[in-house]
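The structure under discussion appears below in the form of structure tokens.
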Amino acid sequence: MRDDPADAEAVNHKLLVRGGFIRQLMAGSWSLLPLGMKVADKVSNIIREEMNSIGGQEFLLPVVHPGEIWKKSGRWDDVEGILVKFKDRRDTDLILAMTHEEVFTLLATEMSSYRDLPQMWYHLQTKFRDEARPKSGLLRVREFVMKDSYTFDIDEAGLDVQFERHREAYTQIFSRFGLETIPVEASSGVMGGNESVEFMVRAESGEDLIAVCDSCHYAANIERAKSAVETIVDEQSDQQPQRFATPGIRTIKALAEVGEFASAQRQIKSLVYIIDGRLTLVLLRGDHELQEQKLADGTGGQDLRPANEDEIVGALGAHPGSLGAVGVDLPTIVDPALNGRTNMVTGANEDDWHLRGVDVARDITVGEWLDVRTVQSGDPCPNCDGTLTLDNTIEIGHIFKLGTRFSESLGAFVLDGDGNERPIVMGSYGIGVGRSMAAVAEAYYDESGLKWPVSLAPYEVVITVIRPNDEESKMAGERLYEDLGGMGIDVILDDRDERPGVKFKDAELIGIPYRLTVGPRGLENGIVEVLERGSGEASELAIDQAAEEIAGRVMAAR
RNA sequence: CGGGCAGUAGCGCAGCUUGGUAGCGCGCUUCGUUCGGGACGAAGAGGUCGGGGGUUCAAAUCCCCCCUGCCCGACCA
């Protein structure tokens, strides 16, 4: 294809489609073409090598599962929405696997002794998640192949070891992909594990924000990131809160314009949430944003949503824009950035009125201090004196300490050395194959097309025969092809009867790392030309040494 | 699920306002001339105009319903 597909926005989408790697079937669903298949295979094989090297054993589990085991694990109801459920001819509930904890755990029930542990099992298998909004080519899809591994240990200490092994293997895998990953603390979400680390790659099209410290190693997903609070010294006020009229003012911004005393930093933002059915006030500094995931994680709330207007008016007697917590007897969660603040401004729970002179400690009944604010770029690091910045990233791997949720619900117990029955302690670890391809595409490209690293390139070398009708050129090209192939190099011969420019453009679009140009002009002098796609560097090699020299370079770069 | 944009040949697009039976570029086929960075000429092939219904003598074009894709948001193991 000469043109980018019109409906593509993301780089990986444009170039992978244009270069003939993938084709779309429907939203979030892609076919791999032969070129895409070759890259996917290389991704998979690198993952296999590294998984095997840390003691992983490869399996292959089914994609369609009985609904029953998902009911047992509790996920049948937990993940409503993206989990696809259907029935077979016998009216049995079935699901399409979105991951494979249940089935692997079921297999683990065969083990009965701590002597069978530890285990590390993995497979590369299709997952289906009915995402609300697939997008950005292969970055966010509904059907995809994932390497997922699962570890089984007698105790937390064992889990820690396997978790660390995965962390190292993942770093190694991604570095072989040519990607620099940032491991970040992440929220475990519905999984409820106690620790999880995501591997993030910086990319403009990434949809995950992470906070990274510029001086220490602190890095965390925005859903979890913390920041230190800069000290703010307020003017003291001995006065009780005073009402003042604020007709028509409904936003922090509008209120801030009333005067310096009401600047956003000096306002208390009052949000109303329904957490597991309980109406709860959440207070933040005016210029801070709530991080809903932190609220969910911090409260352990399963079902959490903003209150609607009726609920708010019913509970507080005013509409959003005039809300406050002074004198209110409701569960109240307060962000620590408000700790010790005095002389603040907040809503009076009466439309068009606010309060000033509010002293948090004196005037507000704090139910719980909980860090629930969203970290902003420029915030101080929670660990050191550094400053946090926010980066757009792609999540290409995620590792979880699962604990015993699945082993307990599905009955995977073993006897320990003292003869006591104990639930197996589990971990689960995932890498998306297609997403890895997309992330690499997003990282390595230019205006001419893709620039695959040698490790993932569909072909390592392309031999471009300028004039395939010229017998000498043709023979030289074929000879090189045979020689390189014989040395185990992944090589393709472009002897199509096309004009040279067409073949050059195609090689660049597809992103093959080395191009050997064979033409009459070079052959006269006994040379072939070498073009490195990555650097754009051109050089010449004697024809009879070219194969060996290039093979050497390729192998060094693998 | 809410908001926006779009669906016409394999790809990129025009035509729609003002109804008259579909066009351009690239690609494709054949022949010729070419041949070191997306060649040129000539002759061709290729279309249920996303689907259904309606209005009309007549619908790509007007009206109604639906489907699909992309982007933003909500959502997100």
Closest to the side chain of Glu131(A), out of C72(B), C76(B), G37(B), is C76(B)
Exercise for the section: Select base, sugar-phosphate, or nothing to describe what Arg515(A) touches, counting heavy atoms under 4.0 Å on all strands. Expected result: base
| Separation between the P atoms of U48(B) and A9(B), rounded to whole Å | 9 Å
Q.
Side chains of Asp335(A) and His288(A) only: does a donor on one sit below 3.5 Å from an acceptor on the other?
A. no
Q: Would you kindly say whether Arg75(A) and Thr99(A) are connected by a side-chain donor-acceptor distance under 3.5 Å?
A: yes
Q.
Taking only the P atom of each, what is the distance from G50(B) to G7(B) in whole angstrom?
A. 8 Å
Within a 6.0 Å radius of atom CD on Glu68(A), are there more than 12 heavy atoms belonging to other residues, nucleotides or ligands? no
*What nucleic acid atoms does Ser136(A) come within less than 4.0 Å of, heavy atoms only: base, sugar-phosphate, or nothing?*
sugar-phosphate
The Watson-Crick or G-U wobble partner of A59(B), with both key distances under 3.5 Å, is none
Look at all strands and tell whether Glu395(A) reaches a base, only sugar-phosphate, or nothing, counting heavy atoms closer than 4.0 Å.
nothing
A45(B) -> Watson-Crick or G-U wobble partner, both distances under 3.5 Å, gives none
Between the protein and nucleotides 31-35 of chain B, list the N/O to N/O atom pairs that are separated by less than 3.5 angstrom.
{"unit_1": "U34(B)", "atom_1": "O2", "unit_2": "Arg499(A)", "atom_2": "NH1", "d": "2.9"}

Side-chain contact check for Arg18(A): nearest option of G37(B), C72(B), G38(B) is G38(B)
Going through the distances and angles, do His13(A) and Trp30(A) end up as a ring pair (Phe, Tyr, Trp, His ring centres under 6.0 Å)? CA-CA 11 Å; His13(A) 184 181; Trp30(A) 297 83; 5.1 Å; yes
note: Asp3(A), atom CG; A14(B), atom C1'; distance rounded to Å ~ 15 Å
Paired to C35(B) by Watson-Crick or G-U wobble criteria (both distances under 3.5 Å) is none
As its Watson-Crick or G-U partner within any shown strand, both distances under 3.5 Å, G69(B) has C5(B)
State whether the number of non-hydrogen atoms from other residues, nucleotides or ligands found under 6.0 Å of Arg496(A) atom CZ is greater than 12. yes
Asp130(A) CG to C1(B) P, in whole Å, measures 10 Å
Next item on the list: Would you mind classifying the nucleic acid contact of Asp4(A) as base, sugar-phosphate or nothing, using non-hydrogen atoms under 4.0 angstrom?
Entry: sugar-phosphate
Per side-chain contact (heavy atoms from CB on, under 4.5 Å), Val530(A) is matched among Val461(A), Ile550(A), Thr517(A) by Ile550(A)
Rounded to whole Å, CH2 of Trp30(A) lies from C1' of C70(B) at a distance of 10 Å
Give each protein N/O atom lying under 3.5 Å from an N/O atom of nucleotides 66-69 of chain B, with the pair distance.
{"unit_1": "G69(B)", "atom_1": "OP1", "unit_2": "Ala27(A)", "atom_2": "N", "d": "2.7"}
{"unit_1": "G69(B)", "atom_1": "O2'", "unit_2": "Asp7(A)", "atom_2": "OD2", "d": "3.0"}

Between CE of Met1(A) and P of G12(B) the distance, given in whole Å, is 7 Å
Atom CZ of Arg75(A) and atom C1' of C76(B) are separated, to the nearest Å, by 14 Å
Original post:
Looking across every strand, which nucleic acid part, if any, lies under 4.0 Å from Pro520(A) by heavy atom: base, sugar-phosphate, or nothing?
Top reply: base
>> If only side-chain N and O atoms count, and only distance matters, is there a donor-acceptor pair under 3.5 Å linking Thr105(A) with Glu101(A)?
In response: no
inquiry  = Measuring only the C1' atom in each nucleotide, how far is G51(B) from A45(B)? A whole number of Å is fine.
reply    = 27 Å
task: For Tyr150(A) and Asp148(A), test the side chains for any donor-to-acceptor distance below 3.5 angstrom and give the result as yes or no.
output: yes
If pairing means Watson-Crick or G-U wobble with both distances under 3.5 Å, then the partner of A74(B) is none
Closest to the side chain of Arg140(A), out of C71(B), G38(B), C76(B), is C76(B)
C26(B) and G41(B): how far apart are their P atoms, nearest whole angstrom? 9 Å
The Watson-Crick or G-U wobble partner of G25(B), with both key distances under 3.5 Å, is C11(B)
Could you tell me whether Lys127(A) contacts a base, only the sugar-phosphate backbone, or nothing, with contacts defined as non-hydrogen atoms closer than 4.0 Å?
nothing
Atom CG of Leu33(A) and atom C1' of C11(B) are separated, to the nearest Å, by 15 Å
Using the C1' atom in both, what is the distance from C66(B) to C24(B), to the nearest Å? 32 Å
Taking C65(B) as the reference, what is the distance to A58(B) when you measure between their P atoms (whole Å, please)? 23 Å
message: Looking at Tyr445(A), I'd like to know if the NZ or CZ of Lys451(A) sits under 6.0 Å from its six-membered ring centre while staying within 45 degrees of the ring's axis.
response: no
- Glu180(A) atom CD, neighbour heavy-atom count above 12 within 6.0 Å: no
When the C1' atoms of A60(B) and U8(B) are compared, how many Å lie between them, rounded to an integer?
7 Å
In whole angstroms, the gap separating P of A39(B) from NZ of Lys505(A) amounts to 10 Å
- Does the ring pair (Phe, Tyr, Trp, His ring centres under 6.0 Å) test come out yes or no for Phe174(A) and Phe199(A), once each step is laid out? CA-CA 9 Å; Phe174(A) 299 134; Phe199(A) 291 81; 5.7 Å; yes
The answer to which of Leu509(A) and Met98(A) contacts RNA chain B further toward the 5' end, by nearest nucleotide, is Leu509(A)
Closest non-hydrogen contact found for Leu410(A) with Ile69(A) is CD2-O, 3.8 Å
inquiry  = Under 4.0 Å, counting only non-hydrogen atoms across every strand here, what does Gly522(A) touch: a base, just sugar-phosphate, or nothing?
reply    = base
Which part of the nucleic acid, if any, lies within contact of Ala132(A), taking any heavy atom under 4.0 Å across all strands shown: a base, the sugar-phosphate backbone alone, or nothing? base
When rounded to whole Å, the CD1 to P distance for the pair Ile527(A) and G36(B) reads 16 Å
* To do: Record whether the side chain of Arg133(A) comes under 3.5 Å of the base of G73(B) through a donor-acceptor pair of N or O atoms.
  => yes
For A22(B) and A6(B), measure between their P atoms and round to the nearest Å.
25 Å
Parallel, tilted or perpendicular: rings of His123(A) and Phe104(A) (30°, 60°):
perpendicular
